[in-house]
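Below is one structure, written out as C-alpha cells; comments come after it.
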Amino acid sequence: MTRSHTPPSTPSAPSTPSAPSARTAPAPDVLVVGGGLIGLVTAWRAAQRGLRTTVVDPAPGGGAAHVAAGMLAAVTELQYGEQTLLDLNLASAQRYPAFVAELEDLTGLDTGYRRCGTLAVALDADDRAHLRDLHAFQTSLGLESHWLGGRDCRRLEPLLAPGVRGGLRVDGDHQVDPRRLAAALLRAAERTGVAFVRATASRIDTAAGRATGVVLDDGTVLAAGRTVLAAGSESGRIGGLPPELLPPVRPVKGQILRLRIPAGHAPFLSRTVRAVVRGSHVYLVPRENGELVLGATSEEFGWDTTVTAGGVYELLRDAHELVPGITELPLTEMLAGLRPGSPDNAPLLGATAVDGLLLATGHHRNGVLLTPVTGDAMAEVLTSADGGLPPYARAFGAQRFAPARQEQPA
C-alpha cells in the first residue's frame with residue numbers, strides 16, 4: 001500500500017535541453033508555464049494552429065490531474081448561483097466525445113473515457129430534501145435528471161446501503177481517467193511539435209511593461225512572443241509581477257483514496273455514486289480497469305499537501321455508510337493535492353493587464369471537465385486578430401477581478 005502523497009511518476013517526454021539556446025532556436029510564439037491538463041491542452045491547440053509553442057514544467061503530464069477523480073459532472077455538481085459557469089461546463093462536456101476521440105486517434109492511448117452516468121443519493125431526510133431541491137433547480141434550467149426512490153436506486157446499484165432514501169440518476173454525467181488523459185495530451189503535444197523545457201519558471205520576465213518570457217530557477221531567460229500562465233495553484237505566487245497583478249488564485253486541498261477491485265470479483269459499482277453524508281460530500285468513481293477512486297475533501301489549508309489520518313478516516317467512514325462493502329477492498333493509494341481556486345471558483349482565461357501575459361488557471365474543481373473548452377478558448381485568444389475570448393468564454397476573462405486602475409511593471 002502506498003502511504004505517501006508524492007504523485008506517481010509521469011509519462012516521459014523526449015529528452016530536451018534545460019533551456020533552448022537563442023543561437024540555435026528562435027523564441028517561441030507561445031510559452032506555456034505549466035504542464036498539467038490545462039497547460040498541455042493550451043499548448044497542443046496552439047501548436048495545431050501553427051504557433052511555435054514551448055511548455056515549461058519540471059514534470060509535464062503531472063499536476064493536479066494525479067489527484068483528481070475525473071468526474072465530468074456538469075449537471076450533478078451544479079451549484080446555486082453558478083448558472084454562468086454551468087453553461088461553460090455543459091459546452092465542455094458536449095465537446096468531450098469528439099475531444100477524446102481525436103486524442104486517442106492521434107496518440108493511440110486510451111483516456112479512460114466512460115459514458116457511465118452518475119447516481120446521487122440521500123441517506124437521511126435532510127439530504128433527501130436537499131436532493132429534491134437540486135432536482136427542481138436542475139429541471140428549471142432544462143437539465144436532464146431523474147428522481148428515483150430508494151428501492152430504484154438499489155436496483156441500479158445493489159451494493160448501496162439499505163437506508164438510501166432516494167436519489168438522482170443523471171445519465172449525461174460521464175467520467176475520464178485524468179492520469180490517462182494527461183498522458184495522451186502530453187503525447188499529442190509532442191507529436192504536434194510542442195517543445196518542453198523541464199525546469200521551473202521562477203518569475204515572469206518583463207520589459208517596458210510587457211511580458212517577454214520567463215526566468216527559470218537557474219537564472220536562464222526564455223524569451224517568447226506571448227506567455228501563458230497555466231501553473232494551477234502556483235499561478236498566484238509566481239515572481240516578477242507586483243502583488244496587484246498576480247492572478248487571484250489560491251490552493252484548495254483535496255485528499256483522495258484509490259482502492260482496487262480484486263481480479264475475478266464482480267463489478268462493485270456500474271456508475272459514479274455520490275452523496276452528502278453528515279454534511280460532507282463523498283463520491284465513488286469506478287474505473288473499467290478495476291480501480292475505485294474515493295473522495296473528496298475540500299480544505300482551505302494553504303500549501304499543505306499532507307495526507308491526514310482524519311481525512312482518510314472520514315472518507316472511508318462516509319463511503320462505508322453509503323456502500324458498506326467498501327471496507328473489504330484493498331486500499332492502494334492515498335494522495336493529497338491542490339486545486340487552483342479563484343474568488344468565484346471559475347477559471348481565469350485570456351489577456352491580463354500585462355501586455356503579452358495571458359492566464360489559463362483558476363479552474364478549481366472543474367479542471368478536468370473544462371479541459372476541452374479551455375483549449376479551444378485559448379487557441380482563439382492566441383490566434384484571433386483582437387486577442388479576445390470567444391463569446392462562450394467572455395464571462396471568465398482574466399481581468400474581471402482586477403482593480404479599476406493598475407500600474408504595469410517596469
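The figures that follow rest on heavy atoms only: side chains count, while hydrogens, waters and symmetry mates do not. When a residue number appears, it is its place in the shown sequence, counting from 1.
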Kindly indicate, with the supporting measurements, whether the criterion side chain to side chain contact (heavy atoms under 4.5 Å, CB included) is fulfilled by Arg49 and Val30.
-> CA-CA 11 Å; Arg49 301 280 186 112; Val30 178; over 6 Å; no

Could you go step by step and tell me if Asp344 and Arg400 meet the salt bridge (Lys or Arg N to Asp or Glu O under 4.0 Å) rule?
-> CA-CA 10 Å; Asp344 60 1; Arg400 67 184 184 275; 2.9 Å; yes

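Heavy atoms of other residues, nucleotides or ligands lying less than 6.0 angstrom from CD of Glu328 number 12 at most. The number of heavy atoms from other shown groups lying within 6.0 Å of OH (Tyr313) does not exceed 12.
Comment: Glu300 does not engage Lys253 in a salt bridge, judged by the lack of any side-chain N to carboxylate O separation of less than 4.0 angstrom. Using a 4.0 Å cut-off between charged side-chain N and carboxylate O, Asp376 and Arg95 make a salt bridge. Contact check on Asp152 versus Arg154 returns no salt bridge, with no Lys/Arg side-chain nitrogen under 4.0 Å from an Asp/Glu carboxylate oxygen. Residues Arg45 and Glu102 are paired through a salt bridge, judged by an N-O separation under 4.0 Å between the basic side chain and the carboxylate. By the 4.0 Å N-to-carboxylate-O rule, Asp177 lies too far from Arg114 to be salt-bridged with it. A salt bridge links Glu333 and Arg179; the closest N-O separation between the charged side-chain nitrogens and carboxylate oxygens is under 4.0 Å.
In the model, Thr361 has a side-chain atom that pairs as donor or acceptor with a side-chain atom of Ser235 under 3.5 Å. With no hydrogens or angles considered, no side-chain donor-acceptor pair links Ser202 and Asp217 at under 3.5 Å.
Residues passing the side chain to side chain contact (heavy atoms under 4.5 Å, CB included) test with Glu77 are Met71, Ala73, Arg274, Arg365, Asn366, sequence neighbours excluded.
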Under 3.5 Å, sequence neighbours excluded: what are the donor-acceptor pairs made by side chains of residues 137-145?
unit_1 : atom_1 : unit_2 : atom_2 : d
Gln138 : OE1    : Ser145 : OG     : 2.7
Gln138 : NE2    : Val75  : O      : 3.1
Thr139 : OG1    : His135 : O      : 3.0
Thr139 : OG1    : Ala136 : O      : 3.0
Ser140 : OG     : Phe137 : O      : 2.6
Glu144 : OE2    : His146 : NE2    : 3.3

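Tyr96 and Phe99 have perpendicular rings, their planes meeting at more than 60° on a 0 to 90° scale where under 30° would count as parallel.
The closest donor-acceptor contact from the side chain of Gln175 to the backbone of Tyr113 lies at 3.5 Å or more, if one exists at all. The closest donor-acceptor contact from the side chain of Ser92 to the backbone of Leu88 lies at 3.5 Å or more, if one exists at all. Thr332 places a side-chain N or O within 3.5 Å of a backbone atom of Arg258 that can act as its donor or acceptor partner. A distance-only check finds no donor-acceptor pair linking the side chain of Arg203 to the backbone of Leu241 [under 3.5 Å]. Of the possible polar contacts, none joining the Asp318 side chain to the Val282 backbone as a donor-acceptor pair under 3.5 Å is found.
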